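Structure first, commentary second.
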Amino acid sequence: MASRLIMAVFFVQALAFGAWLPRIPDIQARLGLSAAELGYALLGLPVGLLLALPFVSIIVGRTGGRTAVLWSLPAFIIAICLPAFAPNGVVLFLALALAGLAMSTIELGMNIVADETEKRDGVVIMSRCHGFWSLGMMVGSLTGAAAAHWGLAPQVSIPAVAALALLVGPAVARRLPRDPATGSAGSEAPVSGLFIPGAIMLGICIVALASNILEGAAADWSAVYLRQVLGADPGAAGLGYAAYSLLMAVGRFNGDWVRSRWGGVIVARSCYALALAGLLLVVFAPDYPWALAGFALAGFGGSVGVPLAVSAAASAPGHTPAANVALVSLVSLVGFLLTPPIIGSVAELFGLRAALGGLLLPVFIVAIAVAFTLARRQSAPVASAA
């Protein structure tokens with residue numbers, strides 16, 4: 001029961017977030033922002049996250065994962081509605097920064113609860129939890145794409161999805177098992193998001209970071225890329241991230257079983273090679289169908305990175321499991337949120353196609369190389385999850 005509840009929380013949080021992403025081009029057009037200006041505004045999310053970084057893992061460590069989820073889930077759902085009402089780029093930045101503050105806590109809380117559930121109940125669910133997150137992103141993105149196709153304003157469609165998430169999410173979160181008496185993450189040592197990682201943890205973070213860099217780019221720029229570069233209509237452009245999320249969810253729902261059968265190292269190498277192929281297809285796509293197929297393939301290839309890295313971090317040496325999970329979760333989230341504005345700045349100079357290729361392709365080449373290195377450096381239990 002606990003595993004189903006935390007999976008539902010992953011889904012609801014992503015549902016609210018996914019509804020915002022396909023509406024970014026509409027908000028950009030309404031505010032008259034260039035690619036670079038939009039990129040600067042999108043910096044709000046990672047700035048909010050980085051402001052929270054020194055504090056959030058300590059707070060979650062002391063309050064427990066369930067408690068953090070209870071208050072940060074509704075806070076995030078409400079905050080992600082605010083960018084739709086921004087009157088200019090500066091306010092858009094501030095609204096996204098507020099959402100980033102809430103997002104840092106809910107993301108860490110969910111991962112800690114999922115890790116605790118695995119240890120307490122003897123189940124392997126991390127990949128499926130992230131699969132439900134991808135499924136929620138897909139459903140939210142489809143909702144946003146449909147709203148864009150019908151000409152429904154972002155100020156209507158995003159709060160409508162948020163209202164549904166508020167009805168379901170907090171009610172589910174309240175049924176999660178209570179945190180241990182000593183706190184979910186603080187029973188062994190104070191949790192800090194600022195420790196210097198060793199070689200193994202650094203490699204795990206790089207593997208996870210690559211997946212979230214790719215997802216951040218797809219989330220914020222796939223609709224813009226398909227609309228502006230390949231001429232898709234607003235509804236069709238929104239399907240880019242929906243296809244990405246659908247195939248990512250498929251990969252994650254099967255990730256726990258595949259890891260048990262073949263081991264995480266082989267799975268990570270193979271899937272990241274597929275992600276690299278999907279990226280090449282997106283960057284060099286001559287028309288919309290090829291790019292859509294590329295986003296789908298990239299989503300499948302990038303599906304395993306974060307859940308495998310979180311599981312590996314929980315078993316890595318050097319710090320408490322909660323501290324390691326906090327580091328991977330927050331570093332990955334920085335990659336997810338910081339990539340879109342960087343792409344916007346590069347796209348202003350060289351075009352969006354060049355920005356995607358020049359930034360994302362080298363990242364995955366490095367991640368594949370790191371995955372091979374981890375296989376040699378890690379002990380067997382950690383290597384099987386990296």
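The analysis underlying the following values was restricted to heavy atoms, covering all of them including side chains, and did not include hydrogens, waters or symmetry mates. Predicted model, so just to flag it, every value in this text is computed and none were measured.
Side-chain atoms of Ile59 and Thr105, non-hydrogen and from C-beta on, never get closer than 4.5 Å to each other. Residues Leu359 and Leu356 have side chains not in contact (no heavy-atom distance under 4.5 Å, counting atoms from C-beta outward). Val139 is listed as a side-chain neighbour of Phe11, based on a closest heavy-atom distance under 4.5 Å. Looking at heavy atoms from C-beta onward, Tyr225 lies in side-chain contact with Phe295 at the 4.5 angstrom threshold. Val328 has its side chain within reach of Met201: a pair of non-hydrogen atoms, C-beta onward, lies under 4.5 Å apart. Side-chain contact between Met248 and Phe300: absent, with no pair of heavy atoms (C-beta onward) separated by less than 4.5 Å. Contact annotation: the side chain of Tyr244 approaches that of Leu214 to within less than 4.5 Å [non-hydrogen atoms, C-beta and beyond]. Counting heavy atoms from C-beta on, the side chains of Ile77 and Val12 come closer than 4.5 Å.
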Note to self: Determine whether Phe132 and Phe253 satisfy the following criterion, ring pair (Phe, Tyr, Trp, His ring centres under 6.0 Å), listing intermediate values before the conclusion.
What the structure shows: CA-CA 8 Å; Phe132 273 96; Phe253 283 135; 5.0 Å; yes
Checklist line | Evaluation steps, side chain to side chain contact (heavy atoms under 4.5 Å, CB included), between Ile78 and Leu166 | finding: CA-CA 8 Å; Ile78 294 170; Leu166 279 174; 4.1 Å; yes
Next item on the list: Before giving the answer on salt bridge (charged side-chain N to carboxylate O under 4.0 Å, His left out), spell out for Arg30 and Asp26 the whole-Å C-alpha distance, their side-chain angles and the decisive distance to 0.1 Å.
Entry: CA-CA 6 Å; Arg30 178 173 65 84; Asp26 298 290; over 6 Å; no
Next item on the list: Check the pair Met103 / Ile80 against side chain to side chain contact (heavy atoms under 4.5 Å, CB included), numbers first and verdict last.
Entry: CA-CA 9 Å; Met103 189 175 191; Ile80 201 61; over 6 Å; no
Checklist line | Check against side chain to side chain contact (heavy atoms under 4.5 Å, CB included), Leu176 and Thr117 | finding: CA-CA 10 Å; Leu176 289 169; Thr117 302; over 6 Å; no
Item checked: Evaluation steps, side chain to side chain contact (heavy atoms under 4.5 Å, CB included), between Gln28 and Gln228 -> CA-CA 12 Å; Gln28 178 188 15; Gln228 295 183 0; 3.6 Å; yes
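One finds the OG1 atom of Thr67 at 14.5 Å from the CZ atom of Arg62 (value rounded to the nearest 0.5 Å). In this structure, Thr143 OG1 and Leu15 CG are separated by 6.5 Å, a value rounded to the nearest 0.5 Å. Taking CH2 from Trp20 and CG from Leu45, the interatomic distance works out to 7.5 Å, rounded to the nearest 0.5 Å. Separating the CD1 atom in Ile6 from the CG atom in Asp115 is a distance of 11.0 Å, to the nearest 0.5 Å. Here the CG-CG distance, from Leu352 to Leu230, works out to 9.5 Å after rounding to the nearest 0.5 Å. The CD1 atom of Ile27 sits 9.5 Å away from atom CG of Leu33, with the distance rounded to the nearest 0.5 Å.
For Ser245 (side chain) and Ala242 (main-chain N/O), no donor-acceptor pair under 3.5 Å exists by modelled atom type. In this structure, Gln155 contributes its side chain and Phe85 its backbone to no donor-acceptor pair below 3.5 Å. Looking only at distances, no side-chain donor or acceptor of Asp121 sits under 3.5 Å from a matching main-chain atom of Val123. Remark: side-chain polar atoms of Glu37 are paired, donor with acceptor, to backbone N or O of Ser34 under 3.5 angstrom. Side-chain atoms of Ser211 do not come within 3.5 Å of backbone N or O of Val207 as any donor-acceptor pair. The closest donor-acceptor contact from the side chain of Tyr288 to the backbone of Ala236 lies under 3.5 Å. Using a distance-only test at 3.5 Å, with no hydrogens or angles considered, a donor-acceptor pair links the side chain of Trp221 to the main chain of Pro340. Between the side chain of Arg128 and the main chain of Arg4, no donor-acceptor pair closer than 3.5 Å is present. Put simply, the side chain of Glu118 gets close to the backbone of Met126: a donor and an acceptor are under 3.5 Å apart. Remark: side-chain polar atoms of Ser157 are not paired, donor with acceptor, to backbone N or O of Leu152 under 3.5 angstrom.
Across all their heavy atoms, Gly294 and Val282 have their closest contact at C-CG2, 3.4 Å. The two residues Asp233 and His149 come nearest to each other via the heavy atoms OD1-ND1, 4.2 Å. Across all non-hydrogen atoms, the minimal contact from Gly302 to Ala275 is N-CB, 3.9 Å. Counting all heavy atoms, side chain and backbone alike, Ala68 lies closest to Gly109 at CB-CA, 4.5 Å. When all heavy atoms are compared, the tightest approach of Ala355 to Ala347 is CB-N, 3.7 Å. The nearest pair of heavy atoms linking Gly89 to Ala41 is O-CB, 3.9 Å.
Around the CZ atom of Phe93, the shell of radius 6.0 Å holds more than 12 heavy atoms that belong to other residues, nucleotides or ligands. Atom CZ of Phe284 has 12 or fewer heavy atoms from other residues, nucleotides or ligands within 6.0 Å.
Under the 4.5 Å side-chain heavy-atom criterion for ILVMFWY residues, a single connected hydrophobic cluster contains both Leu360 and Leu349. Note on Trp71: it does not cluster hydrophobically with Val168, by side-chain heavy-atom contacts below 4.5 Å among ILVMFWY residues. Tracing side-chain contacts under 4.5 Å through hydrophobic residues (I, L, V, M, F, W, Y), one reaches Leu82 starting from Val161; they form part of the same cluster. The hydrophobic cluster containing Ile342 also contains Leu361, counting ILVMFWY residues as joined when their side-chain heavy atoms lie under 4.5 angstrom apart, directly or transitively. Linking ILVMFWY residues whenever their side-chain heavy atoms come closer than 4.5 Å, directly or via other members, places Leu276 and Val366 in the same cluster.
Inspection of the Tyr241 and Glu215 side chains reveals an N or O donor paired with an N or O acceptor under 3.5 Å. Ser303 and Arg252 are not linked by any side-chain donor-acceptor pair at a separation below 3.5 angstrom, with hydrogens and angles left out of the test.
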